[in-house]
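Structure first, then comments.
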Amino acid sequence: MTESSTRLAAYLDQRRRLGEPGLVPAELEPGEILRLLRARAASGPAAVERAERARRRGRYDERPSGPARDGADTGKAVADASEAGRVGSADYDALRAAAMACTRCRLAEGRKTVVFSDGNPAARLMVVGEAPGAREDATGLPFVGQAGRLLDLMLASVALSRRDSVYICNVLKCRPPGNRNPQPDEIESCAPLLKRQIELVAPEVLLAVGSFAAQWLTTSRQALGKLRGKVYSYQGVPLVVTYHPAALLRNSGWSRLAWDDLQLLRQVMDGR
Ligand code: SF4
């Protein structure tokens with residue numbers, strides 16, 4: 001067992017002994033988590049992933065933002081990849097182009113821009129939020145404004161930054177009118193984009209912020225307060241969930257719980 005794995009095991013054991021069963025992974029036993037982390041760290045596919053990240057790091061040094069590029073090639077990529085079946089095999093550029101041109105749900109009608117992502121596509125951590133708000137819709141970037149600044153502070157508290165070590169996106173790429181909640185059919189329409197986005201970014205750890213991202217990634221209908229404090233697995237990728245920063249701005253009493261979630265995230269990331 002590596003030193004970091006030992007630390008994670010000790011942390012989980014400490015939580016259990018403190019009588020905080022809600023903070024101990026329920027869906028994965030600690031032994032399973034450690035086995036998963038060790039396997040990913042030591043296996044050939046992990047080495048392949050690292051090489052692929054290095055390759056993408058070179059390709060995506062300029063952060064993706066703004067509208068899709070003009071040109072016949074991009075237009076063809078959009079037309080091809082806009083078909084749901086093609087999204088599942090699109091490369092990163094084609095996927096982004098497909099999202100930028102997407103009209104698969106009603107949210108296409110009222111949006112100013114499609115909010116695809118921010119951060120580093122070669123990052124180890126992928127943060128998945130809910131949906132763009134007014135500022136995000138205007139800028140084309142997720143998590144800007146007050147909630148975005150709080151998210152940056154939360155990430156900084158565990159030595160992470162969207163510029164270098166985090167990739168950020170949302171369940172929905174277009175803004176729901178009036179900042180209403182995403183509708184189930186909108187989430188279903190947008191899901192192929194997110195699924196493929198996760199496959200292509202291939203994060204080592206996922207962080208879901210807010211109930212919509214947490215419920216989609218865990219396939220649970222439980223409230224966030226019940227879901228948080230545990231480590232899940234999304235397609236074999238360790239997943240931690242926590243409150244949306246906008247919710248934390250409204251309910252400062254949840255800050256301590258969010259802090260615990262971030263410590264759990266750090267522990268999982270350090271376990272590699
Ligand atoms: S929210 Fe998703 S599915 Fe709906 S139009 Fe935007 S990109 Fe397409």
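Only this structure's heavy atoms are used, side chains among them; waters, hydrogens and symmetry mates stay out. Order of appearance sets the numbers: ligands from 1, and atoms from 1 within every ligand.
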Can you confirm whether Leu160 sits close enough to Met269 that some side-chain heavy atom of one is under 4.5 Å from a side-chain heavy atom of the other? yes
Establish, from distance only, whether the side-chain atoms of Tyr92 and Gln197 form a donor-acceptor pair under 3.5 Å. no
Return the residue, atom name and 0.1 Å-rounded distance of the protein heavy atom closest to atom 8 (Fe) of ligand 1. Cys102 SG, 2.3 Å
Let's go through Lys112 and Glu136 carefully: what are the C-alpha distance in whole Å and the side-chain angles of both, what is the deciding distance for salt bridge (Lys or Arg N to Asp or Glu O under 4.0 Å) to 0.1 Å, and is it a yes or a no? CA-CA 10 Å; Lys112 287 192 178 76; Glu136 287 81 7; over 6 Å; no
Just so I know, are the side chains of Cys102 and Lys173 near enough to count as touching, which here means a heavy-atom distance under 4.5 Å? no
Atoms in ligand 1 with a heavy atom of Ser189 nearer than 4.0 Å: 3 (S)
Within the side chain of Gln215, is there an N or O that forms a donor-acceptor pair under 3.5 Å with the backbone of Ala213? no
Per-residue contact class, Val114 against ligand 1 - non-hydrogen pairs under 4.0 Å: neither
Taking the inter-plane angle between the rings of Trp254 and Tyr243 on a 0 to 90° scale, is it parallel (under 30°), tilted (30 to 60°) or perpendicular (over 60°)? parallel
If we set the cut-off at 4.0 Å for heavy atoms, which region of Arg111 has an atom near ligand 1: side chain, backbone, both, or neither? side chain
Any N/O/S atom, backbone or side chain, of Cys174 lying under 2.8 Å from atom 2 (Fe) of ligand 1? no
Using a distance threshold of 2.8 Å, state whether an N, O or S atom of Cys105 lies below it from atom 4 (Fe) of ligand 1. yes
Are any N, O or S atoms from Cys190 nearer to atom 8 (Fe) of ligand 1 than 2.8 Å? no
Show me which atoms of ligand 1 lie under 4.0 Å from any heavy atom of Leu193. 7 (S)
Which ligand 1 atoms does Ala108 reach within 4.0 Å, using its non-hydrogen atoms? 5 (S)
Mind checking whether Val241 and Trp259 sit in one hydrophobic cluster, side chains of I, L, V, M, F, W, Y counted as touching below 4.5 Å? no
